[in-house]
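Just so we're clear, the structure is a prediction, and the values are computed from it rather than from any experiment. Chain identifiers are assigned alphabetically (A, B, ...) following the order of the sequence lines, protein sequences preceding nucleic acid strands; residue numbering begins at 1 within each chain.
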2 protein chains.
Amino acid sequence: MLTIFARCKVHYDGRAKSELGPGDRVIIIKPDGAFLIHQNRKREPVNWQPPGSFVTLEERGDILVLRSVRRKPKEVLEVELEDVYLVSVFKAEDYEELALTGSEAEMAEMIFNNPGLIEPGFRPLFREKDIGHGIVDILGRDESGNLVVLELKRRKADLHAVSQLKRYVEALKKEYGRVRGILVAPSLTSGAKKLLEKEGLEFKKVEPPKRESSGRGRQTTLL
Amino acid sequence: MLTIFARCKVHYDGRAKSELGPGDRVIIIKPDGAFLIHQNRKREPVNWQPPGSFVTLEERGDILVLRSVRRKPKEVLEVELEDVYLVSVFKAEDYEELALTGSEAEMAEMIFNNPGLIEPGFRPLFREKDIGHGIVDILGRDESGNLVVLELKRRKADLHAVSQLKRYVEALKKEYGRVRGILVAPSLTSGAKKLLEKEGLEFKKVEPPKRESSGRGRQTTLL
DNA sequence: TTGTACATCTCGGGT
DNA sequence: ACCCGAGGTGTACAA
């Protein structure tokens with residue numbers, strides 16, 4: 001990993017196009033081609049290039065230019081280095097992966113293992129089921145045999161989530177008769193609640209579970 | 001800005017929860033509280049804390065622990081520093097903001113200035129119009145006086161975009177009679193095209209414009 | 001490669 | 001503070 005503290009200008013052209021006037025920034029170049037330019041505020045890099053990009057350094061007239069190119073989509077990032085304060089190389093050895101818990105995937109697991117969390121008699125049948133117009137989180141049947149679509153959200157569900165659920169329900173209605181749609185989330189925005197009710201869809205409050213340790217990322221190696 | 005090269009372990013608990021075993025990482029702490037931990041691959045930090053978080057350094061037994069806390073939502077990030085290779089401080093002076101062009105906002109401007117890009121006789125009336133169940137990009141009327149909803153996408157439109165458009169059209173249908181919905185984007189995914197046709201919605205191919213220089217971020221100062 | 005949806009999404013704008 | 005939607009979203013996963 002290469003880290004540079006420098007005063008620089010930045011030019012980007014690709015999916016969009018941007019210019020950034022002179023200022024001090026932290027530049028990080030990773031061995032996989034990821035290229036980050038950070039200003040002194042915000043979590044997000046002001047400019048970047050994704051992994052898989054190729055970096056070159058050229059001398060253009062009197063100043064150094066760092067250039068990172070991505071093919072497909074074609075994107076070019078150029079950094080005019082006006083003043084370089086520090087360059088450091090870090091051979092970072094890292095064989096660990098993040099183990100994260102509290103994801104939507106874990107909510108789904110939990111519901112499969114304990115369908116009563118949704119309602120008595122609920123039977124989950126499919127997970128990540130590709131119906132014609134999208135992929136349903138969980139597809140199952142209720143006590144009365146009605147088809148039930150669950151849309152899971154790990155955090156407060158919004159209008160987008162309701163639209164998603166509605167799309168699935170309507171796609172299945174065409175083929176099967178009555179289809180229930182249940183939004184499964186810790187809470188709802190006000191607008192989501194309104195739309196959900198208008199559309200005759202349902203809500204079941206469920207919190208994403210947090211495991212004790214080790215999510216799916218890295219298993220505790222016992223070898 | 002504080003940059004640290006270190007071998008460390010990371011523990012996070014907040015909206016979700018994660019553990020990261022020992023390895024070499026680059027840590028960046030910004031004056032606004034943003035806290036980034038980067039592994040040697042990918043554009044995204046493996047762990048982070050958003051701006052507004054508060055960082056402390058404590059000695060826990062024999063090892064140093066960097067701790068960043070965010071209130072609301074309560075989130076705690078702890079970095080156990082097992083081996084510190086480099087610590088650098090960078091007083092980054094930066095008064096520039098990114099000027100970006102090719103955004104959806106610029107597509108909207110372009111269409112307002114030249115409504116014929118949609119179709120002859122189209123008249124835009126509102127922009128970012130809050131109808132009951134969401135916010136419409138552009139609301140207007142066609143040659144025949146029908147209400148028209150435009151949903152703009154700066155890149156290939158997907159199922160989500162179609163659902164969004166459909167939600168707006170249906171919300172307006174209740175009040176007004178026939179309402180047309182047009183998805184305005186450079187292209188469509190296969191699924192989006194299928195759903196769009198099924199729902200009787202329309203598509204108009206439009207590319208986001210790229211200005212010559214300076215988007216809306218920073219105007220070229222002539223003073 | 002394309003499509004689809006999640007994300008500790010982040011961020012800005014509005015109310 | 002909440003709501004809503006954009007983003008050069010990035011990322012993983014499946015077809």
Side-chain angles (χ1 to χ4, degrees), chain A residues 12-18 34 41-51 70 72-77 98 100-105 107-108 128-131 133-137 151-161 163-164 167-168 187-194 208 210 216-217, chain B residues 12-18 34 41-51 53 70 72-77 98 100-105 107-108 128 130-131 133-137 151-161 163-164 167 187-194 208 210 215:
Chain A
Y12 156 75
D13 197 354
R15 287 169 292 177
K17 189 168 188 284
S18 75
R41 47 186 214 95
K42 299 294 170 193
R43 201 210 79 141
E44 291 301 302
V46 62
N47 280 111
W48 71 92
Q49 207 65 291
R70 176 194 198 185
K72 234 320 183 135
K74 175 80 173 191
E75 296 193 288
V76 180
L77 182 66
L98 189 72
L100 185 135
T101 181
S103 63
E104 184 190 291
M107 281 181 76
E128 297 287 311
K129 176 69 177 171
D130 195 334
I131 63 179
H133 298 283
I135 300 164
V136 165
D137 279 340
E151 174 56 36
L152 312 186
K153 289 296 164 198
R154 67 170 304 286
R155 59 173 183 169
K156 182 183 284 199
D158 56 13
L159 283 174
H160 169 195
S163 289
Q164 208 181 331
R167 165 155 47 95
Y168 302 149
S187 60
L188 286 176
T189 66
S190 52
K193 184 162 183 290
K194 214 171 44 159
K210 284 186 189 175
R216 62 144 33 75
Chain B
Y12 157 76
D13 197 354
R15 287 168 290 178
K17 188 169 190 281
S18 75
R41 42 183 230 102
K42 298 292 171 193
R43 202 208 78 141
E44 292 302 302
V46 62
N47 280 114
W48 72 91
Q49 206 67 291
S53 308
R70 175 196 199 184
K72 216 15 177 109
K74 176 80 172 193
E75 296 193 288
V76 180
L77 182 66
L98 189 72
L100 185 136
T101 181
S103 64
E104 185 191 291
M107 282 180 76
E128 298 288 311
D130 195 333
I131 62 179
H133 297 284
I135 300 164
V136 164
D137 279 339
E151 174 57 34
L152 312 186
K153 289 297 164 197
R154 68 168 305 286
R155 57 172 184 172
K156 183 183 283 200
D158 57 12
L159 283 173
H160 170 188
S163 289
Q164 212 179 326
R167 164 153 49 93
S187 61
L188 287 175
T189 65
S190 52
K193 183 160 185 289
K194 214 172 44 160
K210 284 186 188 174

Self-check item: A:K193 atom NZ, over 12 foreign heavy atoms within 6.0 Å
Solution: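 Atom NZ in A:K193 is not packed in, count stays at 12 or less.
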Practice problem: Spell out yes or no: do the side chain of A:E44 and the base of D:dG8 have one donor N/O and one acceptor N/O closer than 3.5 Å? | Solution: no
Self-check item: Donor-acceptor pair (no angle test) under 3.5 Å: B:D13 side chain, C:dT8 base
Solution: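 Donor-acceptor pair under 3.5 Å: no.
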Exercise. Mark up nucleotides 2-7 of chain C, 5' to 3', with B wherever a protein heavy atom is under 4.0 angstrom from a base atom, S wherever such an atom reaches only the sugar-phosphate, and - elsewhere.
Key: SSSSSS
Practice problem: Could you work out the separation of D:dA14 and C:dT8 based on their C1' atoms and round it to a whole Å? | Solution: 25 Å
Quiz item: Between C:dG14 and D:dG8, how far is it from one C1' atom to the other, in whole Å?
Solution: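 Here C:dG14 and D:dG8 have their C1' atoms 25 Å from each other.
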Exercise. Using the closest heavy atom to pick a nucleotide of DNA chain C for each, name whichever of B:A16 or A:R41 lands nearer the 5' end.
Key: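 Residue closer to the 5' terminus by nearest nucleotide: B:A16.
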Quiz prompt | N/O donor-acceptor pair under 3.5 Å between B:R154 side chain and A:R15 backbone | solution =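 Judged by distance alone, yes, a pair lies under 3.5 Å.
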Quiz item: Within the structure shown, what part of the strands sits under 4.0 Å from B:P73 by heavy-atom distance: base, sugar-phosphate, or nothing?
Solution: nothing
Quiz item: Under a 4.5 Å cut-off applied to non-hydrogen side-chain atoms, are B:P51 and A:R41 in contact?
Solution: no
Quiz item: Any side-chain heavy atom of B:D137 within less than 4.5 Å of one from B:M107?
Solution: no
Quiz item: Counting only side-chain N and O atoms of A:R43, is one of them less than 4.0 Å from OP1 or OP2 of C:dT8?
Solution: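 Answer is no, no contact under 4.0 Å.
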